Amino acid sequence: MFDGICNVCNHWVPFVIKRDPKGIFEFLSLQSDLARSLIINHNPNNMQLNSIILIDKGQIYTESTAILHIINKLTGPIRFFILFWIIPKKIRDRAYRFIAKN
């Protein structure tokens with residue numbers, strides 16, 4: 001799920017589709033009713049989720065962790081970025097928020 005208002009997010013979706021030859025990813029705008037329903041069903045703690053959200057096998061991933069999980073399943077040179085797993089989550093998420101904000 002992605003922020004349908006965010007320009008970066010709106011470029012990210014076609015980027016992923018182009019590198020997802022198996023078609024494993026499906027996309028929803030966070031502003032949609034279905035996305036809200038999925039978030040409620042998969043988020044019993046009612047966490048504030050306002051970033052990219054990946055639901056994979058019942059687990060919710062957000063921000064940089066969602067991006068890295070997605071990249072891990074794509075093809076091409078973009079897979080180089082899975083090396084970012086070595087960066088602590090707090091730092092990755094801070095960079096994610098900075099990019100998302102600006």
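Quick caveat, the model's predicted, so the values are computed rather than measured. For this chain, numbers begin at 1 and follow the sequence in order.
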Here the pair of heavy atoms bringing S29 nearest to A35 is O-CB, 3.2 Å
State, yes or no, whether a side-chain contact exists between L38 and I53 at a heavy-atom distance under 4.5 Å.
no
Hydrophobic cluster identity match, L83 and I99, side-chain contacts under 4.5 Å:
no
Checking R94 now: which residues fulfil salt bridge (charged side-chain N to carboxylate O under 4.0 Å, His left out) with it, not counting sequence neighbours?
none
Would F80 and I87 show up in the same hydrophobic cluster when neighbours are defined by side-chain heavy atoms closer than 4.5 Å?
yes
Please assess N10 against F2 for the test side chain to side chain contact (heavy atoms under 4.5 Å, CB included), listing each intermediate value before the final yes or no.
CA-CA 8 Å; N10 285 309; F2 66 98; 3.5 Å; yes
Distance, nearest 0.5 Å, that separates NZ of K73 from CG of D56:
3.5 Å
Value for CD1 (I60) from CD1 (I55), rounded to nearest 0.5 Å, stands at 5.0 Å
Can I67 and F81 be said to form a side chain to side chain contact (heavy atoms under 4.5 Å, CB included), step by step?
CA-CA 10 Å; I67 297 289; F81 288 101; over 6 Å; no
Below 3.5 Å, can you tabulate the donor-acceptor pairs from side chains in residues 16-27 to any protein atom, sequence neighbours excluded?
residue: R19; atom: NH1; partner: F15; partner atom: O; Å: 3.0
residue: D20; atom: OD1; partner: G23; partner atom: N; Å: 3.2
residue: D20; atom: OD1; partner: I24; partner atom: N; Å: 3.1
residue: D20; atom: OD2; partner: I24; partner atom: N; Å: 3.0
residue: D20; atom: OD2; partner: F25; partner atom: N; Å: 3.0

State whether the side chain of N72 and the backbone N or O of I82 hold a donor-acceptor pair below 3.5 Å, judged by distance alone.
no
Taking a hydrophobic cluster as the set of Ile, Leu, Val, Met, Phe, Trp and Tyr residues connected by side-chain heavy atoms closer than 4.5 Å, whether directly or through intermediates, do F98 and I91 fall within one such cluster?
no
According to the side-chain hydrogen bond (donor to acceptor under 3.5 Å, both in side chains) rule, which pairs have a member within residues 77-92, sequence neighbours left out?
S64-R92, T65-R92, K89-D93
Give a yes or no on whether L54 and F84 share a hydrophobic cluster (residues Ile, Leu, Val, Met, Phe, Trp, Tyr; joining criterion: side-chain heavy atoms under 4.5 Å apart).
yes
What's the spacing between I70 CD1 and W12 CH2 if we round to 0.5 Å?
5.5 Å
If you define the side chain from C-beta out and look only at heavy atoms, does anything of Y96 sit under 4.5 Å from I52?
yes
